[in-house]
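Inspection log for the structure reproduced underneath, given as structure tokens.
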Number of protein chains: 2
Amino acid sequence: MPGTHDLLFRTLSDPTRRGIFECLCSQGEQTVAALTAQAGVSQPAVSKHLAMLKQAGLVRDRHQGRQTHYSAQLAALAPLADWTNRMAGYWESRFDDLEDLLKRMDQ
Amino acid sequence: MPGTHDLLFRTLSDPTRRGIFECLCSQGEQTVAALTAQAGVSQPAVSKHLAMLKQAGLVRDRHQGRQTHYSAQLAALAPLADWTNRMAGYWESRFDDLEDLLKRMDQ
DNA sequence: ATAATTCATAGCCATATGGTTATGGAATTC
DNA sequence: GAATTCCATAACCATATGGCTATGAATTAT
């Protein structure tokens, strides 16, 4: 699915949103209030970012009483790593082609 | 620099722009006309995307006569890989902490 | 019961974004 | 040198985006 990459890159492109995700990665599960305290924007803004992160599969939510706990879903980053590797792979393969070409020319 | 990540994610978040970059990665150096043929948008749009990719360090341009050749700068993806690894690192370190905690509890 | 807390949604607004057409400058070609 | 090609920039437009305040639903505390 190419749409997966779109959603991932798009979701991580906003600094505030990425900050929230980093916060969840580095400090583990957090409530909305705790995240809001560090985000530097209003609570509704944080909730919207969390909704987007959730839609991208980057976070999971767990409801407990009147508070919602969010946690990072690291596995969702896999397509990003795959994409990077694919770009690097293209590079190498073109390099191999060049090498191959040079070999042929050498004969 | 945290701004580096911002620029990178932001630049790669647009599908058309990412498509152009992928094109350069997979097929090597290309002229603006060649890229425009595959991009599905107008030539000025392609030029604008290329300017942004260049500003993010993701591409290099080489002027030859009246045409400009662009090529991917794979090294610019390094911060992206670093960021991903850092997120994974947080995960592992929290896991280690948990492991450590369990060990202590076990005693 | 009533009040207070926690979060999500709704509605609004300013700005950013990506696209288009029009234009112009520089380099080839005729 | 006139015409053409290649690309970048300018000007403009519709929409998307991220922020805010206001509000409401659900839960907990008084």
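Within every chain, numbering begins at 1; the chains are lettered A, B, ... in the order of the sequence lines, protein sequences first and strands thereafter.
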- Contacts of B/D61 that satisfy salt bridge (Lys or Arg N to Asp or Glu O under 4.0 Å) - sequence neighbours left out: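 Testing B/D61 for salt bridge (Lys or Arg N to Asp or Glu O under 4.0 Å), a comparison that skips the adjacent residues, returns B/K54.
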Heavy-atom donor-acceptor pair, [X] side chain to [Y] backbone, under 3.5 Å:
| X | Y | result |
| --- | --- | --- |
| A/T84 | A/L80 | yes |
| B/S47 | B/P44 | no |
| B/R17 | B/T11 | yes |

- Shortest non-hydrogen separation from B/C25 to B/L74 and the atoms involved: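 Heavy atoms only, the tightest pair is SG-CD1, 4.1 Å.
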- Message: Checking A/R60 against A/E29 for the salt bridge (Lys or Arg N to Asp or Glu O under 4.0 Å) test, could you report, in this order, the C-alpha distance in whole Å, the side-chain angles of both residues, the deciding distance, and whether it holds?
- Response: CA-CA 9 Å; A/R60 218 174 74 80; A/E29 194 180 68; 5.8 Å; no
Take the protein atom [atom1] of [X] and the nucleotide atom [atom2] of [N], then report the distance between them rounded to whole Å.
| X | N | atom1 | atom2 | answer |
| --- | --- | --- | --- | --- |
| B/D6 | C/dT17 | CG | P | 11 Å |
| B/D14 | D/dA16 | CG | C1' | 12 Å |
| A/L53 | D/dT17 | CG | C1' | 15 Å |
| B/L7 | C/dA16 | CG | P | 16 Å |
| B/M52 | D/dA8 | CE | C1' | 15 Å |
| B/R10 | D/dG18 | CZ | C1' | 11 Å |
| A/R17 | C/dA16 | CZ | P | 16 Å |

- Task: Tell me yes or no: between the side chains of B/Q30 and B/H69, is some donor less than 3.5 Å from an acceptor?
- Result: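 No, B/H69 and B/Q30 have no side-chain donor paired with an acceptor closer than 3.5 Å.
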- Item | Donor on one side chain, acceptor on other, A/S26 and A/E22, under 3.5 Å |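 Side-chain D/A pair, A/S26 to A/E22: absent.
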- Task: Could you list by number each residue of residues 40-51 of chain A showing a heavy-atom separation from DNA chain D of less than 4.0 Å, or answer none if no residue does?
- Result: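 Here the set is A/V41, A/S42, A/P44, A/A45, A/K48, A/H49.
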- Which ones in residues 60-71 of chain B lie close to DNA chain D, meaning a heavy atom under 4.0 Å from one of its atoms?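 Under 4.0 Å from DNA chain D: B/R66, B/Q67, B/T68, B/Y70.
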